[in-house]
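Numbering of ligands and ligand atoms starts at 1, following listing order.
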Amino acid sequence: MTRRTFTKATVATSALVGTGTAAKSADVDVVIIGAGAAGSSATDALIKAGYSVICVEAANRIGGRVYTDTSTFGVPFDHGAHWLHNRAINPFVNMGKKLGMKVYKAPANERVFIKGRGSIGADGGAFWDEYKRVTRAITSAAKKRKDISAADAVTSHNEWTNTAFAHVGSLSMARDMDHVSVMDWYSAQDGNDWFCAQGFGTLLSKQWANVPVSLNTKVTKIDASRDAVTVQTSTGTIHAKAAIVTVSQGVLASGAINFSPAMDSSMKSAINGITMGSYNHIALQFSGGTIDVKPDSWIAYHLSERKAGGPKGGGILANVSGTGLCYFEVGGGFGQSLEQQGKAVMVDFALSEMSALFGAGIRKGFIKGTATQWGLNRHVLGSYSGAEPGQAATRRYLRDPIADRIFLAGEATSFGEQATVSGAHKEGLRAAAAVSDLLA
Ligand SMILES: Cc1cc2nc3c(=O)[nH]c(=O)nc-3n(C[C@H](O)[C@H](O)[C@H](O)COP(=O)(O)OP(=O)(O)OC[C@H]3O[C@@H](n4cnc5c(N)ncnc54)[C@H](O)[C@@H]3O)c2cc1C
């Protein structure tokens, strides 16, 4: 299963992670805002290069959108990223191996269901044909370099189009097809996916266990109007020669951080054009054998209804790493409206959809469920970035430094690995290299 061919499908603090007091009146070479994949790799690289660095994080843990919770179910539950996309260019697979973690290729255990009829066979026939037809139409539109919406690229529909739209749009790009830019979709690199049995968040937190971070330290203002950077945080002021800002597009668009000088019009167009999508996991735990599928089975099912601007329903990563845990995935407009109705409604919806697929008897084996709500997380405000139709080209402006000293980095500034952990990691390294050049 790959990003193109299908959907993407313990509080991780270390001994060196601080409480926030370290931020008071600090004077350093570089301040890094956010301790997710981008901020952690930038901090690590700059410390290794000999700079004095402070990394400040608004939340009470590191990892940002990569976080494994082992307490809710007693088995790893990735609240954010779970797939290690594109193994050939994703450094986290080898990092995981070096750390002694169980990393493995995502098996090709795909099933297609129709409610009331069960599984319709391993290859899913008509669904796969339609999926391929839809992606071919988007590819062809992108090659003409007209940045239209993915919905407009598909001119004829059949009974499986809505399901294919869910898998290309809401369950992969975290947005409905009329909000997917064909150029942005086409620019994302493709390859084999891998998993980490202990959870992607566990891998990331182990990898950067020795990176010092000042937690519970929220940045409110970054001023580079003179020859230095002054950062105001909830716990004090930091003076630095340069800053790397790794917060999400959602946080940037919200205005929670005040920039001085203000962003220029190009950067503003990129903040408006590259927006956050909606994607969440509804995690359902069943007793062993209740959902009788191979580990890490991806389950698609026929979606006929449309609601709230997008397909009503989701897809399921069942029996995650053989634990019996299932991630019922929802995204786009429908997923966003479900998220806003609360975790209990999300769990009820997922359980009733799964009952319709596997039979009402599965309720007897249901243990418990919960759901993520990334759109309501004030430190993220959405799932990951994507370009609105016509806006893919604005992504490059996110890499232009503000006042030559403030560098944005994160999944959204990546070209080709946008919306991924690997992309965020490499963007952290890119920004660290740019800062090194500035300070050399
Ligand atoms: C549900 C979901 C599923 C996903 N699935 C996958 C997947 O399977 N594979 C994959 O590769 N990617 C996936 N992604 C995307 C991936 O998680 C992100 O692309 C990546 O983690 C982003 O890293 P980042 O460092 O750019 O940003 P973040 O992880 O958001 O880090 C930014 C940090 O900044 C902090 N912050 C925010 N505001 C402030 C402030 N004012 N002051 C200080 N700190 C602040 C935040 O708390 C956060 O820790 C998924 C995301 C979600 C939400």
Worksheet item: Can you tell me if Asn319 uses its side chain to pair, donor with acceptor, with the backbone of Gly324 under 3.5 Å?
Response: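 Yes, because the side chain of Asn319 sits within donor-acceptor range (under 3.5 Å) of the backbone of Gly324.
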
Discussion item. Minimum distance, heavy atoms only, to atom 33 (C) of ligand 1: which one of Ser278, Gly34, Gly375 is it?
Written reply: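 Closest candidate by heavy-atom distance is Gly34.
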
Do the ring planes of [X] and [Y] sit parallel (below 30°), tilted (30 to 60°) or perpendicular (above 60°)?
X: Trp208; Y: Phe92; value: perpendicular
X: Phe349; Y: Phe328; value: perpendicular
X: His79; Y: Phe77; value: tilted

Part of [X] with heavy atoms under 4.0 Å of ligand 1, whether side chain, backbone, both or neither:
X: Ile62; result: neither
X: Val219; result: both
X: Tyr384; result: side chain
X: His79; result: backbone
X: Ala419; result: backbone

Taking atom types as modelled and ignoring hydrogens, do the side chains of [X] and [Y] form a donor-acceptor contact shorter than 3.5 angstrom?
X: Gln232; Y: Thr237; value: no
X: Asp147; Y: Ser181; value: yes
X: Asn280; Y: Thr372; value: yes
X: Ser71; Y: Asp69; value: yes

Fill in: Distance under 6.0 Å and angle within 45° of ring axis: Lys368 vs Phe366
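No; the conditions do not both hold, so Lys368 does not lie above the ring face of Phe366.
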
Counting only nitrogen or oxygen atoms and a 3.5 angstrom limit, does [X] reach ligand 1?
X: Glu411; value: yes
X: His281; value: no
X: Ala58; value: yes
X: Ala37; value: yes
X: Asn280; value: no
X: Val421; value: yes
X: Gly39; value: no
X: Glu57; value: yes

Report, in ascending order of atom number, the atoms of ligand 1 lying under 4.0 Å from any heavy atom of [X].
X: Gly64; answer: 29 (O), 48 (C), 49 (O)
X: Ile33; answer: 42 (N), 43 (C)
X: Trp374; answer: 1 (C), 53 (C)
X: Gly410; answer: 26 (O)
X: Ala38; answer: 25 (O)
X: Tyr279; answer: 1 (C), 2 (C), 3 (C)
X: Lys218; answer: 41 (N), 42 (N)
X: Val66; answer: 21 (O)

Worksheet item: At their closest point, which heavy atom of Lys241 faces which heavy atom of Leu438, and how far apart are they?
Response: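 Scanning both residues completely, I find the closest heavy atoms to be O-CD2, 4.5 Å.
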
Worksheet item: Is the closest heavy-atom distance from Thr217 to ligand 1 below 4.0 Å?
Response: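 Per 4.0 Å heavy-atom rule, Thr217 contacts ligand 1.
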
Worksheet entry | Heavy-atom check, side chain of Leu284 versus side chain of Met354, under 4.5 Å |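 The answer is yes, as the side chains (C-beta and beyond) meet within the 4.5 Å cut-off.
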
Practice prompt. Assess the pair Tyr327 and His82: is the distance between their ring centroids shorter than 6.0 Å?
Written response: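 Yes, they do, as the ring centres are separated by less than 6.0 Å.
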
Worksheet item: Would you say the ring centroid of Phe113 lies under 6.0 angstrom from that of Phe127?
Response: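 Phe113 vs Phe127: aromatic centres not under 6.0 Å.
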
Worksheet entry | Option passing side chain to side chain donor-acceptor pair (under 3.5 Å) with Glu411 (candidates Lys426, Gln418, Gln249, Arg65) |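 The option that passes is Arg65.
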
